[in-house]
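A quick write-up on the structure given underneath.
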Protein chains: 2
Amino acid sequence: MAEPAGISSLTLNRLSVYLRCLRQLQDSDVTHVSSSQLAQQFELSAALIRKDLAQFGEFGIRGTGYRVDDLVESLIKVLGLDRAHNLAVVGLGSLGSALARYLSINDKPFRIVAAFDVDGRKVGHKIGHLTIHHSREIREIIPQTGAQIAVLSVPESAAQRCYDDLADCGIKAVLNFAPVQLKQAPSVRTKSVDFQINLEELAYFLSS
Amino acid sequence: MAEPAGISSLTLNRLSVYLRCLRQLQDSDVTHVSSSQLAQQFELSAALIRKDLAQFGEFGIRGTGYRVDDLVESLIKVLGLDRAHNLAVVGLGSLGSALARYLSINDKPFRIVAAFDVDGRKVGHKIGHLTIHHSREIREIIPQTGAQIAVLSVPESAAQRCYDDLADCGIKAVLNFAPVQLKQAPSVRTKSVDFQINLEELAYFLSS
DNA sequence: ACCGACTTGTGAACGATCTCACAAGCACGA
DNA sequence: TCGTGCTTGTGAGATCGTTCACAAGTCGGT
Ligand SMILES: NC(=O)c1ccc[n+]([C@@H]2O[C@H](COP(=O)([O-])OP(=O)(O)OC[C@H]3O[C@@H](n4cnc5c(N)ncnc54)[C@H](O)[C@@H]3O)[C@@H](O)[C@H]2O)c1
Ligand SMILES: NC(=O)c1ccc[n+]([C@@H]2O[C@H](COP(=O)([O-])OP(=O)(O)OC[C@H]3O[C@@H](n4cnc5c(N)ncnc54)[C@H](O)[C@@H]3O)[C@@H](O)[C@H]2O)c1
């Protein structure tokens, strides 16, 4: 394999898309695929796909293209999906519950191993076969579970405090859904998904 | 005001962030703010903030900074948030319901005016004070409601068909949550939010 | 064994985005 | 009225991301 150096989010996100597409091809028993065939599926240039892939090694065969099975395997390795990732979910409101449900179905390499809330009606009860703990126990419980990634779906007002707790107890990555600009901890890779911002972008295009 | 020309998504999304921050300042009775003060809040350079804002006109006062109230008002106008936007939600599973709930609370300029599903247990029932219709009625009902934006939260297998229906009946923008690469209609501004891709990006950083 | 048709991987050109640095402008006090 | 101190708006330059174009390599047919 190859470069550890700064791979951009854009490239990484496209790798996920390629992987998804390649798996569909596997299901259709396609064994080989060229960069231009892939490029047609999404609206990308073939060169970009080749550049993206080439950053991690030489996966293709000149004159032939890429062997689908091999490329799937390589991408899984590159993205780190060949090992299980333990997740904690913090905030089991309507969004958090939906995410938890989604993850237990689509469980491939991501597995929920801890759940937290503050609502007395939820703490102590189960979501799936997992007991919901009180958030004040985050620091105590997370290290026992081996969770490295946290999904943060609490109200805005609680987001920063929960984030800091998570950072303190060894969480390495957070996917945040609260519409706030988190003051980030240096030890934590943080990514936010902001529904409202996306809607507002669409609103802009409608009124112009 | 100024340029209609191609504003990038990056800029637009930052404008939303600025707006959110400015509203907090309003609540704290701060009347003036400089680009460098804003820059501290998020981790951005002051110059970038000024460039972003300057694309739409001269909102600042040299030597003083920006008047918070004025800038809020200007950004609301720029983003098109000064008028109501009617939304349709398609697919009221766990995610769709969470989104619908979220939008009815946080209703500022976005209002749900139509809801669709195919599940017999849902069609005919209400979500909030809105009746859920069968998806086959999308083409008929959407034009009556004036919805211009659709939120698409159906399973992957149904996403493309629903999208095409929405495009056909005059929807101008779609926010898609299904993990698929939609074949886009030229008349529709489309944006996707992909939970899985975001998780996979985080996974990459953990294993490297 | 060779040719022709094809595809990859990649340097170089291009374009978009961000940062730097400073002239132009405003407020306030002397 | 003028000067000082501050901040905006903005060209010029740096950096990052994408596209172009082609040499290098592979395969199948003859
Ligand atoms: N629901 C959506 O569709 C949606 C969409 C985009 C963003 N969001 C954001 O996601 C977050 C959650 O949204 P929601 O709709 O699920 O809200 P919700 O009110 O349904 O759920 C929030 C949950 O967090 C819990 N909570 C509160 N403080 C907590 C703490 N300190 N520690 C742990 N849990 C705590 C609450 O008890 C509740 O169960 C919000 O920030 C919201 O803005 C939601
Ligand atoms: N739940 C999550 O946290 C989550 C996160 C990320 C992405 N997603 C994606 O969002 C989509 C919905 O997820 P979900 O968890 O709500 O699934 P879900 O199964 O709970 O809900 C899907 C809903 O869509 C309805 N539906 C099916 N076909 C339809 C059609 N043709 N027209 C209208 N409605 C139809 C179903 O009846 C159901 O109510 C999926 O594509 C999923 O991959 C979900």
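The figures here come from the full heavy-atom set of this structure, side chains too, leaving out hydrogens, waters and symmetry mates.
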Taking atom CG of A/Leu166 and atom CZ of A/Arg161, what is their separation to the nearest 0.5 Å?
-> 12.5 Å

Here the gap from B/Ser16 atom OG to A/Leu199 atom CG, rounded to the nearest 0.5 Å, amounts to 9.5 Å

Is B/Ser8 touching bases, backbone alone, or none of the nucleic acid, heavy atoms closer than 4.0 Å?
-> sugar-phosphate

Could you verify whether a donor N or O on one side chain and an acceptor N or O on the other, from A/Asp52 and A/Tyr18, lie under 3.5 Å apart?
-> yes

Hey, what do you get for CD (A/Glu73) to CG (A/Leu81), rounding to the nearest 0.5 Å?
-> 13.0 Å

Between the protein and nucleotides 26-30 of chain C, which nitrogen or oxygen pairs are less than 3.5 angstrom apart?
unit_1	atom_1	unit_2	atom_2	d
C/dC26	O4'	B/Arg62	O	3.1

Rounded to whole angstrom units, what separation is found between the CG atom of B/Leu12 and the P atom of C/dT17?
-> 11 Å

Interatomic spacing from OG in B/Ser192 to CG in B/Asp194 - rounded to 0.5 Å | 7.0 Å

Between atom CG of B/Leu10 and atom CD of A/Glu201, what is the distance when rounded to the nearest 0.5 Å?
-> 9.0 Å

Name all residues meeting the side chain to side chain donor-acceptor pair (under 3.5 Å) criterion together with A/Glu58; count only those two or more places apart in sequence or in a different chain, and write none if there are none.
-> none

Determine all donor-acceptor pairs shorter than 3.5 Å in which one atom belongs to a side chain in residues 84-96 of chain B; sequence neighbours excluded.
unit_1	atom_1	unit_2	atom_2	d
B/His85	NE2	B/Gly80	O	2.7
B/Asn86	OD1	B/Arg111	NH2	2.9
B/Ser94	OG	A/Arg101	NH1	2.9

Counting only non-hydrogen atoms, which of residues 25-52 of chain B are less than 4.0 Å from DNA chain C?
-> B/Ser45, B/Ala47, B/Leu48, B/Arg50, B/Lys51

Is there a donor in the side chain of B/Thr190 and an acceptor in the side chain of B/Tyr163, or the other way round, less than 3.5 Å apart?
-> yes

Specify the angle, to 10°, made by the local axes at the two ends of the helix from C/dA1-D/dT30 to C/dA30-D/dT1 when five pairs are taken at each end.
-> 0°

Parallel, tilted or perpendicular: which describes the rings of B/Phe116 and B/His133, with under 30° parallel and over 60° perpendicular?
-> tilted

Test salt bridge (Lys or Arg N to Asp or Glu O under 4.0 Å) applied to A/Arg139 and A/Asp165, step by step = CA-CA 6 Å; A/Arg139 288 156 186 266; A/Asp165 285 349; 2.9 Å; yes

How far does CD of B/Glu200 sit from CZ of B/Phe195, to the nearest 0.5 angstrom?
-> 11.0 Å

Once you round it to whole Å, what is the distance between C1' of C/dT10 and CG of A/Leu53?
-> 14 Å

Looking only at heavy atoms, what is the nearest atom pair of A/Ala159 and A/Val180, with distance?
-> CB-CG2, 3.8 Å

Bounded by its outermost nucleotides with an atom under 4.0 Å from a heavy atom of chain B, the footprint on DNA chain D reads D/dC6 to D/dA12

